[in-house]
Amino acid sequence: MTVCLGLICVLLLVIIIFITAERESLFKSYKNSAEEFNQTINSLQDNYTDLTQKKLELETRVNSLTAEKSQLQRRFDALSQKKLELESKVTSLSDELTREASKRGFFFISSELSWSESRQYCRDRGADLVIINTEEKQRFISSFIKENVWIGLSDIETEGRMIWVDNKPLNRGFWCKDQPDDYEGNEDCVELFPTKGPVNNWNDVSCSHKRKAFCEKN
Ligand SMILES: [Ca+2]
Ligand SMILES: [Ca+2]
């Protein structure tokens with residue numbers, strides 16, 4: 001009987017020790033989990049703070065870009081308006097030039113023809129290819145056209161002796177640099193080349209080239 005009670009006591013002691021150890025282990029495990037949980041919460045809180053800050057920065061940037069866009073739009077509108085005004089001025093100046101040209105007996109042939117064909121076209125209409133004997137006339141014609149045109153000057157009769165269509169010799173030429181050059185011995189008719197500038201823009205070319213032309217009534 002006494003032995004049995006002793007065994008029971010030992011057994012109880014073992015159980016108590018086991019339960020105590022298990023309780024300690026569970027407590028430690030709980031403590032670790034709680035610490036991990038707190039760390040996760042803190043980390044999430046930090047992320048949230050960072051994201052809130054980034055959101056604020058992005059909102060500021062969006063507001064700044066929106067303001068910039070509005071400013072650019074206003075500038076674009078102002079420039080579009082200015083462009084329309086300038087286009088209107090160009091049209092008006094072009095009309096004025098056309099009226100002035102017509103008043104002075106000039107007209108433009110928009111068909112591309114050889115020098116002789118262009119000359120014949122002018123003559124059929126009581127005119128001839130234009131004679132340019134002053135800088136004022138040279139500048140006026142250069143401002144009027146945008147493409148190369150025939151003028152009434154050639155050295156068809158005698159190489160190197162430029163003659164106007166009224167048979168008068170050339171006194172003053174408004175030649176491009178290094179022109180006339182009678183390139184390959186085959187350049188006897190003169191074109192005016194407006195993109196080279198308003199004054200020195202003549203070049204001798206082959207008379208069979210096709211060009212628009214400028215006529216002048218006698
Ligand atoms: Ca020549
Ligand atoms: Ca030439």
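One-based numbering, in listed order, for ligands and for the atoms of each. Just so you know, these numbers use all the heavy atoms, side chains as well, and skip hydrogens, waters and symmetry mates.
A salt bridge is absent between Glu96 and Arg99: the closest approach of a Lys/Arg side-chain nitrogen to an acidic carboxylate oxygen does not fall below 4.0 angstrom.
Among heteroatoms of the N, O or S kind in Asp188, OD1 lies nearest the Ca ion (ligand 1). If you look at Asp181 and ask which of its N, O or S atoms sits nearest the Ca ion (ligand 2), the answer is OD1. The atom of Glu159 that is an N, O or S and sits closest to the Ca ion (ligand 1) is OE1. Looking at Glu187, its N, O or S atom nearest to the Ca ion (ligand 1) turns out to be O. Atom OD1 is the N, O or S atom of Asp182 at the shortest distance from the Ca ion (ligand 1).
One side chain, Gln138 or Trp202, offers a donor N or O that lies under 3.5 Å from an acceptor on the other. Using a 3.5 Å distance cut-off with no hydrogens or angles, the side chains of Glu57 and Thr60 do not pair a donor with an acceptor. Side chains of Glu36 and Asn32: a donor-acceptor N/O pair is absent below 3.5 angstrom, by distance only.
In summary, Tyr183 places no N/O/S atom under 3.0 Å from the Ca ion (ligand 2), failing the contact criterion. In summary, an N, O or S atom of Asp204 is located under 3.0 Å from the Ca ion (ligand 2).
For the pair Lys137 and Phe140, the cation-pi criterion (under 6.0 Å, within 45° of the ring axis) is not fulfilled.
Between the side chain of Ser102 and the main chain of Thr98, no donor-acceptor pair closer than 3.5 Å is present.
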